[in-house]
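Right, one structure below, let's go through it.
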Number of protein chains: 2
Amino acid sequence: MNDTTPAARTAAPPRMTRQRAAVADALGDTDEFRSAQQLHELLRSRGDAVGLATVYRTLQTLADGGDVDVLRSEDGESLYRRCARREHHHHLVCRACGRAVEIDGPTVEQWSASVGAAHGFADIEHTVELWGTCAACRATDDRAN
Amino acid sequence: MNDTTPAARTAAPPRMTRQRAAVADALGDTDEFRSAQQLHELLRSRGDAVGLATVYRTLQTLADGGDVDVLRSEDGESLYRRCARREHHHHLVCRACGRAVEIDGPTVEQWSASVGAAHGFADIEHTVELWGTCAACRATDDRAN
DNA sequence: GGCTGTGTTGACAACCGTTCTCAACTATCT
DNA sequence: AGATAGTTGAGAACGGTTGTCAACACAGCC
């Protein structure tokens, strides 16, 4: 009943590949939330192409490990970004370019827990995201008009 | 330059049909958020079937008119429900059954506006939803174990 | 009541983001 | 170098949603 691997339970020793490095690198560059498809395209245009499926897989892995934050755009697309801090936080995101600022919802955590309890709900999670148009994008917009 | 219709600008006089009534009725029944597909199935099983496309269209119309609230489930599906109040509010939603309670985020409105302004963002909107498991669903769950 | 004309419907195709499949590939260990 | 097992990628499949368009049915009119 003894395992051949020392780590026993965890079946998968992760492996460093060009593709994973490329995706991680692309995320490291920016403070903007990016979709899987955008990243796929970005990598392709950079010259080190990575299969779309691999981009999705890698992002999912990174997200599971807490290395990147995921959120859903207003039309349901998943957006990814590497945030400065790993602790729970929220975002103020630009609808147009994806640029984001990490913010705290000071009272949100406690509030959500107590509201949940008050109504007999358990395992409370909360979604708190702010959307807006950043100054840079507004400038671009004005110029276009 | 005069129109044949009295209302001029608004090109579309809405028309009451069996289908629209059925969808509205199905929404009136419950305090649970339901997906378009669930409603479609519900109507079919009730005997007064409505085409899936029509369900989607009707829900969209109702949502645009502020007659139903829409939110995205954790896996991206759109969920609809007729809420008691039309004013802006948030929800505490059961992950399992969709049952929802309308809640206020007392300080959220002001907070989001000021955070947005502080970072030079305009047209701020916020997404604030609470997810949990309601008492009834926990009971069902326990019984299953 | 019947006519008529325009908003509405529904079966089906198309779309789009995402996940699955599986044979070829390659990082890693020996 | 060779063996092993995790990884990749092209393309198919999937699931929710929207578009298409000919048949249909409300609503006003005769």
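Below, chain A is the first sequence line, B the second, and so on; all start at residue 1. Side chains included, hydrogens not; waters and symmetry mates left out as well; all remaining heavy atoms used.
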Under 3.5 Å, which protein N or O atoms sit close to an N or O of nucleotides 13-21 of chain C? Give each pair with its distance.
unit_1 : atom_1 : unit_2  : atom_2 : d
C/dG17 : OP2    : A/Gln37 : NE2    : 3.4
C/dG17 : O5'    : A/Gln37 : NE2    : 3.3
C/dT18 : OP1    : A/Ser78 : N      : 2.9
C/dT18 : OP1    : A/Ser78 : OG     : 3.3
C/dT18 : OP2    : A/Tyr56 : OH     : 2.5
C/dT18 : O5'    : A/Tyr56 : OH     : 3.4
C/dT19 : OP1    : A/Gln60 : OE1    : 3.3

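- A/Tyr80 has its side chain out of reach of A/Val55: every pair of non-hydrogen atoms, C-beta onward, lies at least 4.5 Å apart.
- Residues of residues 61-69 of chain B having a heavy atom closer than 4.0 Å to DNA chain D: none are found.
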Taking N or O atoms only and anything under 3.5 Å, show me the protein contacts with nucleotides 12-14 of chain D, one pair per line.
none

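- Straight-line distance from the CG atom of B/Leu39 to the C1' atom of D/dG16: 14 Å, rounded to whole Å.
- Checked against side chain to side chain donor-acceptor pair (under 3.5 Å), A/Thr133 has no partners two or more places apart in sequence or in another chain.
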Item to complete: For ring pair (Phe, Tyr, Trp, His ring centres under 6.0 Å), just list the numbers for A/Phe33 and A/His91, CA-CA rounded to whole Å, side-chain angles, deciding distance to a tenth of an Å, and then say yes or no.
Response: CA-CA 10 Å; A/Phe33 273 90; A/His91 303 98; 4.9 Å; yes

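- Salt-bridge annotation for B/Arg81 and B/Glu32: absent, with no side-chain N of the basic residue lying under 4.0 Å from a carboxylate O of the acidic one.
- B/Val50 approaches B/Ala22 most closely through the heavy-atom pair CG2-CB, 4.1 Å.
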Worksheet entry | Worked check of side chain to side chain contact (heavy atoms under 4.5 Å, CB included) between B/Arg18 and B/Asp48 | CA-CA 9 Å; B/Arg18 174 186 69 78; B/Asp48 55 352; 3.7 Å; yes

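- Residue whose closest nucleotide on DNA chain D sits further toward the 5' end, between B/Arg15 and A/Val55: A/Val55.
- Contact annotation: the side chain of A/Thr61 never approaches that of A/Asp67 to less than 4.5 Å [non-hydrogen atoms, C-beta and beyond].
- For residues 43-51 of chain B, proximity to DNA chain C is found at B/Val50, B/Gly51, defined as any non-hydrogen atom under 4.0 angstrom from a strand atom.
- Distance A/His40 NE2 to D/dT8 P: 14 Å, rounded to the nearest Å.
- Remark: A/Asp31 engages no residue in a side chain to side chain donor-acceptor pair (under 3.5 Å) (not counting sequence neighbours).
- Residues A/Glu77 and A/Arg72 are not paired through a salt bridge, judged by the lack of any N-O separation under 4.0 Å between the basic side chain and the carboxylate.
- Spacing between atom CE of B/Met16 and atom P of D/dA27 amounts to 8 Å, rounded to whole angstrom units.
- The aromatic rings of B/His126 and B/His90 sit tilted relative to each other, their planes meeting at an angle between 30° and 60°.
- Salt bridge B/Arg82/B/Asp25: absent, no basic N to carboxylate O contact under 4.0 Å.
- Neither OP1 nor OP2 of D/dT7 sits under 4.0 Å from any side-chain N or O of A/Gln19.
- When rounded to the nearest whole Å, the span between CZ of A/Arg20 and C1' of D/dT8 equals 9 Å.
- Using a 4.0 Å cut-off, no side-chain N or O of A/Thr17 falls inside it from OP1 or OP2 of D/dT7.
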Item to complete: In sequence, state the C-alpha distance, the side-chain angles, and the governing distance for B/Arg138 and A/Asp123, and then conclude on salt bridge (charged side-chain N to carboxylate O under 4.0 Å, His left out).
Response: CA-CA 10 Å; B/Arg138 250 176 302 138; A/Asp123 309 318; 5.9 Å; no

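- For CZ of B/Arg46, the number of neighbouring non-hydrogen atoms (other residues, nucleotides, ligands) closer than 6.0 Å is greater than 12.
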